[in-house]
Engineer: 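Take a look at this one; I'll ask things after.
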Amino acid sequence: MHRYDIERYLNVRSAGGADIGPDGRLSVILNTTGTGQVWSLDAPLSWPTQRTFFEETVSFVDSSPERPEAVFGMDEGGNERTQLYRLNYESGEIVDLTRRPAAKHRWGGWDGEGDRFAFASNRRDEAVFDVYVQERAAEASGDAAGDRSDAPSDPPDPELVYEGDGWLSVAGWSPSDDRLVVHEAHASFDHDLYTLDVESGELTHHTPHDGDIRYGSPQWGPDGDAIYLVTDHDSDTLRLERLDLATGEFTVVVSGDEWNVDGVALHEESRRLVYSRNVDGYTELSVGELVAPDRIDELPAPDLPDGVAGGVSFGPDGDRFAVTATGSTHNANVHVIEATTGETERWTAAATAGIPPETFIERELVRYPTFDKREIPAYLSVPETEPPDSGYPVVVDIHGGPESQRRPSFSSVTQYLLNSGYAVFEPNVRGSSGYGKAYAALDDVRKRMDSVKDLRAGVEWLHDHPEIDPDRVVAMGGSYGGFMVLAALTEFPELWAAGVDVVGIANFVTFLEHTGDWRRELREAEYGSLADDREFLESISPVNRIDRIQSPLFVLHGANDPRVPVDEAEQIAERAREQGVPVRKLVFDDEGHGLSKLENRIEAYRAIVAFLGEHV
């Protein structure tokens with residue numbers, strides 16, 4: 001089999017973030033230039049037109065319901081302080097709508113006429129989010145496309161319609177454009193929903209509760225008297241339910257049974273909706289029509305690649321919708337589906353960098369026993385070449401979150417490792433989402449290290465696999481997954497040949513002290529608080545157990561990381577070096593919580609490849 005270098009794999013492109021405008025134009029976020037930019041198409045597989053030309057990654061695009069324009073979001077250097085911009089598709093003009101680079105802005109959607117939009121922002125107080133409504137900007141004249149700093153006229157000032165005291169986001173306008181759905185996250189698995197009267201500023205709480213309950217993916221009902229959402233208020237997994245705003249009563253519309261219904265999109269006029277189930281990580285997408293408030297008539301399902309799909313955008317009449325789909329052997333592309341027939345057509349052709357797609361390798365879903373007799377789900381991928389006599393070296397790739405879930409989406413790094421003779425093992429240890437809230441809570445606060453024990457059990461399972469070399473096992477992960485790498489190397493040092501920590505937590509105390517003010521309360525709900533749990537947090541922080549590490553370590557970070565400050569990388573690298581551990585550290589000045597720019601990803605993964613080649 002032909003081998004390709006890492007740069008080739010990192011040049012495999014992706015298209016996502018689909019948005020269908022009022023004229024049928026499909027806009028997507030496509031990373032052909034090395035960072036995700038707005039591109040648009042008028043027909044399936046037609047040559048797309050590039051609309052934005054920045055060095056920074058565009059995070060989303062949302063078309064006006066009435067005009068040939070859209071709002072898109074972008075931060076600077078990965079600092080996550082997203083600003084909002086308006087793009088005119090006809091003239092190419094771009095207007096900076098927010099102009100508050102020190103603040104975060106969370107898009108809340110256009111009203112029905114496209115005359116106003118809503119967003120949440122921490123511009124008043126960095127630690128909390130308020131709700132704003134802003135008139136669309138007046139047309140600019142002579143603004144060069146791509147120039148976000150010299151728009152000729154200032155946009156209207158936003159109106160502060162509600163002062164918040166927590167982690168608020170806006171989930172859309174009511175059909176009558178007089179109210180907004182407001183979502184509040186107290187913790188990853190504890191939410192509340194409100195409606196906000198835009199004129200009076202009155203906020204109505206619809207989900208009073210005790211304990212941890214999720215209320216996610218809220219969508220206004222067609223008549224404005226209800227909200228459709230996914231919730232686990234009366235179950236272990238998420239179900240699609242209808243919340244009657246007048247009575248506060250919930251009605252189950254679709255039960256996920258043992259799996260989560262993890263998202264819903266609803267088109268007001270056609271009463272059509274799309275919802276997804278997360279079945280062992282794979283997406284099952286369903287389409288239906290509301291024929292009664294709590295009853296759906298199912299329509300034919302789309303024909304999408306096996307894997308993960310989401311990001312639904314309906315066309316103006318609700319007769320079709322766009323969705324992004326990806327799989328282990330399919331890079332991300334946008335498909336458009338006829339709602340009533342299920343007929344599915346791929347619209348984008350994100351390139352695979354000349355690598356034949358048939359050489360991509362599928363994951364195998366497996367389960368392994370852990371210390372308390374639970375079965376831990378995981379994905380195992382092995383090269384198609386004959387293994388060496390000792391077996392394949394294996395990279396244990398650990399997801400972040402910790403409430404994330406490793407799912408069968410395309411990974412260029414995974415495919416490169418497989419092409420280079422490494423097996424890849426991706427466990428969903430306790431604490432992962434996708435398997436119910438009880439499973440997700442198994443690593444909370446004082447149970448944190450039980451998830452690290454699940455990693456040990458996974459490696460022991462790999463030791464018994466006939467194709468795996470037990471002496472060449474690598475731990476690799478990012479963000480919380482970086483903590484898991486460091487914890488695995490210090491708790492069970494004999495198991496590992498090397499570790500790769502990307503933007504990981506080394507010290508829970510300094511992490512919580514220095515993370516963004518807007519995140520601290522949310523993270524303390526998961527990890528424990530500085531006030532009550534400091535001693536415990538110090539005891540499990542890998543930097544305080546660094547004397548146990550035996551394996552070479554590679555630490556990568558972004559200097560602008562607002563979530564896990566770069567000091568986490570500095571302190572773990574310094575302390576490991578003091579112990580005589582072979583350490584490499586690589587910090588990118590123009591990145592944040594992860595690596596978004598192609599040139600940086602190429603540099604980083606070339607270095608990782610060289611590191612693994614030297615030590616594994």
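Just so we're clear, the structure is a prediction, and the values are computed from it rather than from any experiment. Side-chain atoms are counted along with the backbone in the values below, which use heavy atoms only and exclude waters and symmetry mates.
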Engineer: With sequence neighbours left out, which residue pairs that include part of residues 212-223 fulfil the salt bridge (charged side-chain N to carboxylate O under 4.0 Å, His left out) condition?
Structural biologist: R214-D232, D223-R271
Engineer: If the plane angle is over 60° it's perpendicular, under 30° parallel, otherwise tilted; pick one for F119 and Y132.
Structural biologist: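 Correct class here is parallel.
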Engineer: Could you list the residues that satisfy salt bridge (Lys or Arg N to Asp or Glu O under 4.0 Å) with R407, not counting sequence neighbours?
Structural biologist: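 R407 satisfies salt bridge (Lys or Arg N to Asp or Glu O under 4.0 Å) with D262 once adjacent residues are dropped.
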Engineer: Examine the side chains of S433 and Q405 and answer whether a donor and an acceptor come within less than 3.5 Å of each other.
Structural biologist: no
Engineer: Go through the side-chain N and O atoms of Y379 and S328 and say whether any donor and acceptor fall under 3.5 Å apart.
Structural biologist: no
Engineer: Is it true that atom CD of E199 has more than 12 heavy atoms of other residues, nucleotides or ligands lying nearer than 6.0 Å?
Structural biologist: no
Engineer: Once salt bridge (Lys or Arg N to Asp or Glu O under 4.0 Å) is applied, do any residues pair with R346, and if so which ones, sequence neighbours excluded?
Structural biologist: none
Engineer: Would you call the rings of F60 and W107 parallel, tilted or perpendicular, taking 30° and 60° as the class edges?
Structural biologist: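 The rings of F60 and W107 lie parallel, inter-plane angle below 30°.
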Engineer: Which residues satisfy the ring-ring contact (aromatic ring centres under 6.0 Å, His included) test with H593, sequence neighbours excluded?
Structural biologist: none
Engineer: Any salt bridge (charged side-chain N to carboxylate O under 4.0 Å, His left out) involving residues 297-325? Give me the pairs, sequence neighbours left out, ordered by first then second residue.
Structural biologist: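 Residue pairs passing salt bridge (charged side-chain N to carboxylate O under 4.0 Å, His left out), neighbours aside: none found.
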Engineer: Using the test side-chain hydrogen bond (donor to acceptor under 3.5 Å, both in side chains), find all partners of D454 that sit at least two apart in sequence or belong to another chain.
Structural biologist: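 D454 satisfies side-chain hydrogen bond (donor to acceptor under 3.5 Å, both in side chains) with T370, R430 once adjacent residues are dropped.
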Engineer: Side chains of T207 and H191: any donor to acceptor distance under 3.5 Å?
Structural biologist: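 Looking only at side-chain atoms, T207 and H191 do not form any donor-acceptor pair under 3.5 Å.
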Engineer: What residues form a side-chain hydrogen bond (donor to acceptor under 3.5 Å, both in side chains) with R179, not counting sequence neighbours?
Structural biologist: none
Engineer: With rounding to the nearest 0.5 Å, note down the distance linking OH in Y162 to CG in L168.
Structural biologist: 7.0 Å
Engineer: Are side-chain N/O atoms of T231 and E241 paired as donor and acceptor at under 3.5 Å?
Structural biologist: no
Engineer: Going by the rule ring-ring contact (aromatic ring centres under 6.0 Å, His included), which residues pair with Y275 if we only count those two or more places apart in sequence or in a different chain?
Structural biologist: none
Engineer: E202: which residues meet the side-chain hydrogen bond (donor to acceptor under 3.5 Å, both in side chains) condition with it, sequence neighbours left out?
Structural biologist: none
Engineer: Mind checking salt bridge (Lys or Arg N to Asp or Glu O under 4.0 Å) for D561 and listing every partner two or more places apart, or none if nothing turns up?
Structural biologist: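 For D561, no residue satisfies salt bridge (Lys or Arg N to Asp or Glu O under 4.0 Å) once neighbours in sequence are set aside.
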Engineer: Do R239 and H233 pair up side chain to side chain, a donor and an acceptor below 3.5 Å, judged on atom types alone?
Structural biologist: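 No, H233 and R239 have no side-chain donor paired with an acceptor closer than 3.5 Å.
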Engineer: Sequence neighbours left out, what passes ring-ring contact (aromatic ring centres under 6.0 Å, His included) with H330? Give chain and number order.
Structural biologist: none
Engineer: Will you find, in the side chains of T340 and E338, an N or O donor that is under 3.5 Å from an N or O acceptor?
Structural biologist: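 E338 and T340 do not have a side-chain donor-acceptor pair below 3.5 Å.
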Engineer: Quick one: list whatever passes ring-ring contact (aromatic ring centres under 6.0 Å, His included) with F189, sequence neighbours left out.
Structural biologist: none
